[in-house]
Structure formats: C-alpha cells, structure tokens
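The structure appears right after this line, and notes come after that.
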Amino acid sequence: MKKILITGGAGFIGSHVVRRFVNKYPEYQIYNLDALTYAGNLENIKDIENQPNYNFVKGDIVDETFIYELFSTHNFDGVLHLAAESHVDRSIEDPLAFVKTNVIGTMNLLNAAKKQWKDNFEGKRFYHISTDEVYGSLGAEGLFTETTPYDPNSPYSASKASSDHFVRAYGETYGLPYVLTNCSNNYGSYHFPEKLIPLFINNIINNKSLPVYGDGNYTRDWLFVEDHAIAIDLVFHEGKNHETYNIGGFNEWKNIDLVKLLCQIMDQKLGRDSGTSEKLITYVKDRPGHDLRYAIDASKINKELGWKPSVTFEEGLEKTINWYLNNEEWLKNVTSGSYKDYYKKQYS
Ligand code: NAD
Ligand code: DAU
C-alpha cells in the first residue's frame, strides 16, 4: 500500500486533488495535511471524509519538529505539495507570511523527505505544485515555456520562485526525486471568494460592486480546476524525474472581457435584465506591480504525457457558475466565517 501526503488539501486546488486521489486510488492511503488557515475549508472535501483511505492531519508545514515527526511516523512514499499562501494582494500586505509558509514550509518538507528517504529513493517522489507567476509578466506577444527565465514581480511569486529553486536544488544536490509544475489561473468550485471569478460571482449575487483593478486590460490564461487535478495526477504518476511541466488552458482573457462575460451569464441565470450586472463594474486603484499578461505554452505536457484541457472555457464557466448558484450555503458559510466551525464539529 502506498502512503501519499497531500499538503493544502482543504484549499481550492488541493481539495480537488484529494478528492480525485481518494476516489481513484483506493489502494493508496491519502494523508491530507492542512493548517486550516483562512483559505482552508474542510467543507470542501466533506463528500470523501469518511472514505477508508482518507486521513486528515491538522498541522503547520512551518513547524519543523512536527513535520519531521509526521514523516518518521508515516514514511510517505510520495508528497504532493500544494499548501501555500496563494493570494497576491495578501502578499503585498504581509510578505513575511508568504516567506514562512511558501519558502520555510517547503524547506521543512524537503528536509523531512530527504532525511526519511535518504538511503532509498526507489519508488519515492516529491511533487511541488507551482505557478506561472514565477516567470513574471509577458508583453502582448509570446508564451511562457519551461525554459523561460524566472522573473517574479510580487512577494507571492518571489516566494513561489524561491521554493521552486530549492526543490530543483535538492534534486541536483541530494538526488531527491522531484517533479514540478507551473500552472496558470485556475477557476471552478470551492474557490475562495477573494479571487477574481468567485469574488465577482458572489458580488453579482449580492448586488455589490465589481472592483476591476486599473483599466482591466490585464490578461490571464484560465484553466478549469478539475483539468488541473487531472494533469497533477498524470505528472505525479508518469512525469519524468527532475522535470518541470507547464500547465495552462490555452485560454487567454482580458480581465474586463471576462468580467463582462460573467455579468451577461449571471444576468441570464438570475433572470435580471441584460446589462444589470455590468452596472456594478467599478474601476479601482491598480494592484502595485500588477503583471500585464500570463500565457502558458503547455505543449510539453501535451506531447510527453498526452494532457490537454478536457472542457472548453464556456463549459467550465457554466459549470462553475451553476455550482456557486446551487451551493449558496457553502458561499454563505465562507463569507460569514462559520466554515471555521466545521473542524471542531467533525474532529474534536
Ligand atoms: P488556497 O489558498 O485555496 O489553499 C491553500 C491551502 O493551504 C489552504 O487549505 C490552507 O489552509 C493551506 N495552508 C496554508 N498555509 C499552510 C501551512 N503553513 N501549513 C499547512 N497548510 C497551509 O490555494 P490554491 O489556490 O488551492 O493553490 C494551491 C497551490 O497551487 C499553491 O501552491 C499555489 O501556489 C498553486 N497554484 C495556484 C493557482 C491558482 O490559480 N489558484 C495556480 C497555479 C498554482
Ligand atoms: O497565475 C496563477 C496564479 O493565479 C496563482 O499562482 C495564484 O495563486 C492565484 O491567486 C492567481 O493569481 P492572480 O493574481 O492572477 O489571481 P486573482 O484572482 O487575484 O486576479 C486575477 C486578475 O484579476 C488579476 O489581473 C487581478 C485582477 N483582479 C483581481 C481581484 C481579486 C481585479 O481586477 N479585481 C479584483 O478584485
């Protein structure tokens, strides 16, 4: 039996990865390690919490002693590392929190894996899940490839770039078997409503203003989160050792065009007159250091592992909007803060 550690499994992407691994691989014991910060919500994975191969561990990756003990107790065969501080705006307010979790936390996991596995790397794998933001900003042309030089602009992306470098360094210096992926913007269910798409869906439902940063002419490449989880599964099982793969949606949108599309669909779904939600758009002060454009060339993972997005943006967005409209309780619990009680109710 394989013991797999997934960090950050109560967050947005992590919850989709945990669900996929628990359901698809009954032969694995899955350990979901999460500190349950503001972004961690056990309601995201309540559908699988009673499965016999699922285990939840509440803990902080910054706590070195705890991480060493966890590894020596379980001797994991594989690690999928998703736990992170993930929101760029928060990194501008409090960069040190990002260094602690994203850099020191990753170091603790690397050191624990190295210590635990040092005599035998056979069948072991450390998978670091990262972001396209490490490459900095594109101009109007071009795509990020796996060989694009790192050029991070925000404290968030600088901390992720740093952790990526340490993962590579542990591979080169100590032979630690790793794979690394850099992915574009995800969207889908269980996305914390501080990020553009879920924030704006929630604001439209509640007739609140839609704060578009700057002139809205910033471009992001959007990928449906379940397609990211499929890619992560594939890279974990079939990716080549010591390799990086870029993952993206081949799906670039200017923020303002995306927001207008969201407004149109929401008007239809909510039975409001066309143009109602667009009136909520408010142009606000720009994000400092705002990257102009991200776009991923995902041809390596496509050619080598056969991955490509399985849903179109129209399908993914429709599914996403329907999910938020059908799960108002989830949204209410998150916005009221009552989702924090779930751990106490279930685990203590
Ligand atoms: P998220 O903020 O939704 O979830 C992060 C999870 O990590 C939460 O459950 C939180 O409780 C947990 N966590 C935070 N600090 C911790 C700590 N010190 N110890 C243990 N657990 C801790 O993030 P997400 O959007 O799901 O992103 C997951 C990973 O994917 C991150 O590494 C992020 O950099 C990367 N990524 C995200 C996107 C995206 O569009 N969201 C795109 C590419 C890469
Ligand atoms: O590219 C991958 C990254 O995508 C991940 O590594 C990050 O964890 C994830 O948060 C995301 O970063 P972004 O900064 O691109 O996502 P966010 O949803 O915060 O913003 C998307 C775009 O929308 C960005 O250009 C800023 C803009 N924006 C965002 C918010 C929250 C607004 O105009 N108004 C807003 O209120």
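We count ligands from 1, going down the list as the structure has it; atoms in each ligand are counted the same way. All values reported here derive from a predicted model rather than from experimental measurement.
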For ligand 2, find out whether one of its N or O atoms is nearer than 3.5 Å to an N or O atom of [X].
{"X": "L199", "result": "no"}
{"X": "D89", "result": "no"}
{"X": "P211", "result": "yes"}
{"X": "K195", "result": "no"}
{"X": "R220", "result": "yes"}
{"X": "S184", "result": "no"}

Heteroatom distance test (H228, ligand 1): nitrogen or oxygen, under 3.5 angstrom = no
Sub-3.5 Å N/O-N/O distance, A83 and ligand 1 = no
State yes or no: are the ring centers of Y178 and H242 separated by less than 6.0 Å?
-> yes
Answer yes or no for [X]: is there a heavy-atom contact with ligand 1 below 4.0 Å?
{"X": "T7", "answer": "no"}
{"X": "Y38", "answer": "no"}
{"X": "G9", "answer": "no"}

Do R220 and Y294 meet the cation-pi criteria used here (NZ or CZ under 6.0 Å from the six-membered ring centre, within 45° of the axis)?
->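 Pair R220/Y294 counts as cation-pi.
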